[in-house]
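Remember, predicted model here, so these are calculated numbers, not experimental data. Hydrogens, waters and symmetry mates are skipped; everything else that's a heavy atom, side chains included, is used.
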Amino acid sequence: ICKFTALRSVRLPFPSCCESCMAHFSASSSITLLAFDFGTQKIGVAVGQTQTLTATPLPELRAKEGQPDWNAVAKLIEEWQPDAFVVGVPVNMDGSEFEMTQRARKFAQRLHGRFGKPWFAMDERLTSFDAREHARESRRDQGKSHGKGLVDSIAASLILQSWFANEWPRLQKDQQP
């Protein structure tokens with residue numbers, strides 16, 4: 001199990017990518033990440049980087065029974081050139097796993113297998129709820145259409161922001177001599 005795996009503020013035994021994949025990241029590197037909020041019909045996407053510790057929602061990907069259009073994923077990767085992926089892994093409130101936990105992990109493993117980039121699992125508990133609240137507030141403040149249709153990508157940005165807050169400092173500390 002990769003020691004860099006984080007689940008919001010609670011660490012659970014989720015395997016992420018292997019440690020050897022992370023060896024090429026230095027603590028001072030600016031790393032670009034693509035984050036995914038996996039779903040069976042839509043997959044939220046966000047991009048961010050460690051230099052600014054910011055995450056920006058991108059257009060959601062359509063999925064059919066959890067399978068994205070891998071060509072669309074490849075275009076995102078070509079456009080943003082990420083160094084790694086962060087994938088939201090759903091668990092029950094008590095931390096137990098269920099079918100979607102396994103499906104999200106499988107999606108992450110497929111990303112790694114197809115594109116050769118390391119991945120991190122991140123607890124996504126309550127991110128969809130938080131994303132809906134964020135979208136609702138955004139529509140109220142900026143107009144009805146603002147934030148509509150981006151709930152899953154807002155959730156992906158929250159997953160990535162959680163990774164920046166919880167895992168990036170740990171990764172930096174572990175990489176120091």
Side-chain angles (χ1 to χ4, degrees), residues 1-39 42-61 63 66-91 100-125 127 131 152-177:
I1 294 175
C2 180
K3 67 181 179 180
F4 300 124
T5 302
L7 296 175
R8 277 192 139 169
S9 60
V10 178
R11 274 191 174 293
L12 295 177
F14 281 176
S16 289
C17 191
C18 61
E19 269 184 68
S20 62
C21 292
M22 299 313 302
H24 70 277
F25 291 151
S26 73
S28 62
S29 292
S30 178
I31 299 169
T32 299
L33 298 121
L34 275 181
F36 296 91
D37 178 36
F38 176 79
K42 294 184 285 184
I43 298 171
V45 185
V47 64
Q49 48 121 347
T50 57
Q51 188 171 6
T52 60
L53 302 178
T54 58
T56 304
L58 298 174
E60 296 171 342
L61 298 172
Q67 290 296 314
D69 174 353
W70 288 106
N71 290 328
V73 176
K75 287 179 185 176
L76 280 173
I77 292 167
E78 184 178 322
E79 180 179 355
W80 294 102
Q81 298 291 307
D83 299 293
F85 306 117
V86 175
V87 177
V89 179
V91 292
M100 286 299 287
T101 310
Q102 301 300 325
R103 292 182 80 171
R105 189 179 293 121
K106 190 172 190 176
F107 170 74
Q109 291 167 343
R110 285 183 176 153
L111 281 170
H112 175 65
R114 285 176 180 259
F115 303 106
K117 309 277 184 190
W119 67 278
F120 298 92
M122 198 68 202
D123 185 345
E124 69 165 35
R125 274 181 279 191
T127 56
D152 293 302
S153 288
I154 292 169
S157 72
L158 294 173
I159 290 164
L160 187 50
Q161 288 171 352
S162 183
W163 187 89
F164 287 144
N166 294 296
E167 282 308 295
W168 178 238
R170 210 171 306 185
L171 180 60
Q172 287 181 302
K173 181 181 175 191
D174 290 345
Q175 293 291 321
Q176 291 177 355

Mind listing the closest non-hydrogen atom pair of [X] and [Y] along with its distance?
X     : Y     : answer
Ala55 : Pro57 : O-CD, 4.1 Å
Gly39 : Ala63 : O-CB, 4.0 Å
Pro90 : Gly88 : CD-O, 3.7 Å

Are side-chain heavy atoms of [X] and [Y] found at a separation under 4.5 Å?
X      : Y      : answer
Phe38  : Arg103 : yes
Arg105 : Met100 : no
Thr50  : Trp163 : yes
Phe107 : Pro68  : yes
Leu53  : Trp168 : yes

Within this structure, what is the [atom1]-[atom2] distance for the pair [X] and [Y], rounded to the nearest 0.5 Å?
X      : Y      : atom1 : atom2 : answer
Ile159 : Met122 : CD1   : CE    : 9.0 Å
Gln109 : Gln102 : CD    : CD    : 9.0 Å
Asp152 : Ser157 : CG    : OG    : 11.0 Å
Ile43  : Asp37  : CD1   : CG    : 9.0 Å
Asp83  : Lys117 : CG    : NZ    : 6.5 Å
Gln81  : Leu34  : CD    : CG    : 10.0 Å

Is there a donor-acceptor pair closer than 3.5 Å between any side-chain N or O of Ser153 and the backbone N or O of Ala46? no
Would you mind writing out the side-chain donor-acceptor pairs for residues 71-78 within the sub-3.5 Å range, not counting sequence neighbours?
none

Which residues share a side-chain hydrogen bond (donor to acceptor under 3.5 Å, both in side chains) with Glu79, sequence neighbours left out: none
Residues passing the side-chain hydrogen bond (donor to acceptor under 3.5 Å, both in side chains) test with Thr54, sequence neighbours excluded, are Thr52
Indicate whether the side chain of Gln49 and that of Ser30 have a donor and an acceptor atom separated by less than 3.5 Å. yes
Side chain to side chain contact (heavy atoms under 4.5 Å, CB included) involving Thr56 - partner list, sequence neighbours excluded: Val47
Can you list the residues that meet the side chain to side chain contact (heavy atoms under 4.5 Å, CB included) rule with Arg114, with sequence neighbours excluded? Trp70
Tell me every residue that passes ring pair (Phe, Tyr, Trp, His ring centres under 6.0 Å) with Phe85, counting only those two or more places apart in sequence or in another chain. Phe36
For Trp80, the ring pair (Phe, Tyr, Trp, His ring centres under 6.0 Å) test, sequence neighbours excluded, returns none
